[in-house]
Amino acid sequence: MEIEFASLDDSLARFTLSGASPAFANAFRRAMIGEVPTLAIEDVRIYDNTSALFDEMLAHRLGLIPLKTDLSVYSTQDTCSCGGAGCPGCTATYTLSVEGPRMVTSSDLIPQDPGAAPVYDNIPIVKLTKGQKLVIEARAILNTGRAHAKWQSTLVCGYKNHPVITVSDVCDACGMCVEECPRDILVAKGKKVQVAEGKLPECSMCRLCERACLASGIGEEPAIKISAEPDRFIFVVESDGSLPAKEIMNRALSFIREQADELEQQLGELSGDEKK
């Protein structure tokens with residue numbers, strides 16, 4: 001199994017996973033979405049709210065603000081030494097006190113720990129008019145996207161099979177498939193249609209080129225055929241900023257390994273051949 005990166009930075013990763021089954025590719029995707037822990041606001045204490053929004057709507061908006069997460073500092077409440085009471089090792093605390101007229105944004109959330117500040121400082125929360133006021137205290141805890149979408153570390157996480165485009169010798173380079181391709185992947189060179197350099201991963205496998213080739217009257221079979229590699233996948237992973245994309249991948253793979261080791265141990269216990 002191999003991973004080859006096309007691009008990688010803190011917010012976005014594009015890579016090709018080779019030598020994997022569809023089951024593993026989907027498990028990898030699901031783990032990145034639902035099993036990587038991040039911070040999100042869970043408890044909100046509202047001391048004063050004369051804005052146009054109900055308390056529940058404000059709490060919901062606050063919970064969806066992505067927060068910078070250092071997994072070496074914070075632990076989940078069920079594994080924390082405080083037993084979930086809410087110590088600095090499992091809880092990040094924020095305060096907000098704003099008076100209108102002005103727009104309240106995520107930059108107004110003052111974190112007790114600067115390392116757990118909101119990822120973006122321009123996320124609107126509520127607009128206050130003259131005389132309106134908002135005073136709150138919020139607590140963020142660590143959890144996973146399987147519990148709630150606000151703990152998802154990814155904005156986009158998906159994959160597709162790596163496309164394969166085959167052009168036979170009967171191609172006469174009429175150009176109809178080139179004109180029909182919505183992503184400009186094909187080009188007519190000489191007496192045959194070819195795939196533009198570096199464009200193959202962008203193919204959506206819509207097969208419009210095959211229909212166009214048949215419509216040209218070339219015969220009963222198109223000269224160009226689209227298929228997919230069964231054990232090769234193109235992934236796109238976009239982080240919400242709480243964690244770098246590479247760390248999301250590493251955490252997801254570690255989760256899959258832990259689950260596999262636990263399953264192997266349980267199967268060994270059932271068969272009487274427990275691993276030592």
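Below, each value reflects all heavy atoms present in this structure, side chains not excepted, and no hydrogens, waters or symmetry copies. Predicted model, so just to flag it, every value in this text is computed and none were measured.
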Under 3.5 Å donor-acceptor, Thr69 side chain and Leu71 backbone: no

Candidate pair Phe24 and Met1, rule side-chain contact (heavy atoms from CB on, under 4.5 Å), full reasoning: CA-CA 11 Å; Phe24 180 86; Met1 193 179 303; 3.4 Å; yes

Sub-4.5 Å side-chain heavy-atom contact between Ser106 and Ile65: yes

Cys203 backbone acceptor or donor facing Arg183 side chain under 3.5 Å: no

Over 12 non-hydrogen atoms of neighbours within 6.0 angstrom of CZ in Arg14: no

Val126 vs Val98 side-chain heavy atoms within contact, under 4.5 Å: no

Any residue meeting salt bridge (charged side-chain N to carboxylate O under 4.0 Å, His left out) with Glu238, in chain and number order, not counting sequence neighbours: none

Close aromatic pair by centroid cut-off 6.0 Å: Phe28 and Phe235: yes

Verdict with supporting geometry, Tyr159 and Asn26, side-chain contact (heavy atoms from CB on, under 4.5 Å): CA-CA 8 Å; Tyr159 69 90; Asn26 194 45; 3.5 Å; yes

side-chain contact (heavy atoms from CB on, under 4.5 Å) between Leu12 and Val237, intermediate numbers included: CA-CA 6 Å; Leu12 184 66; Val237 180; over 6 Å; no

Spacing of Ile185 atom CD1 and Glu202 atom CD [to the nearest 0.5 Å]: 6.0 Å

CG (Asp78) with more than 12 external heavy atoms under 6.0 Å: yes

Flag side-chain contact, heavy atom, 4.5 Å: Thr154 against Ile33: yes

Asn143 vs Lys150 side-chain heavy atoms within contact, under 4.5 Å: no

Donor-acceptor contact present, side-chain Thr79 to main-chain Ser75, <3.5 Å: no

Arg102 bridged to Asp108 by N-O distance under 4.0 Å: yes

Side-chain touch Val193/Val187, heavy atoms, less than 4.5 angstrom: no

Salt-bridge present (Glu35, Arg251; N to O < 4.0 Å): no

Donor-acceptor contact present, side-chain Tyr94 to main-chain Ala116, <3.5 Å: yes

Glu137, CD: over 12 other non-hydrogen atoms inside 6.0 angstrom: yes

Minimum side-chain heavy-atom gap Tyr74-Pro88 below 4.5 Å: no

Asp240 and Thr38: CA distance, side-chain angles, deciding distance, side-chain contact (heavy atoms from CB on, under 4.5 Å) verdict: CA-CA 10 Å; Asp240 67 353; Thr38 61; 5.5 Å; no

Enclosure of Lys225 NZ (heavy-atom neighbours >12, cutoff 6.0 Å): no

Asp169 and Lys192: CA distance, side-chain angles, deciding distance, salt bridge (Lys or Arg N to Asp or Glu O under 4.0 Å) verdict: CA-CA 8 Å; Asp169 294 333; Lys192 196 173 182 181; 3.4 Å; yes

Flag side-chain contact, heavy atom, 4.5 Å: Glu2 against Thr16: no

Asn49 side chain near Leu58 side chain, heavy-atom distance below 4.5 Å: yes

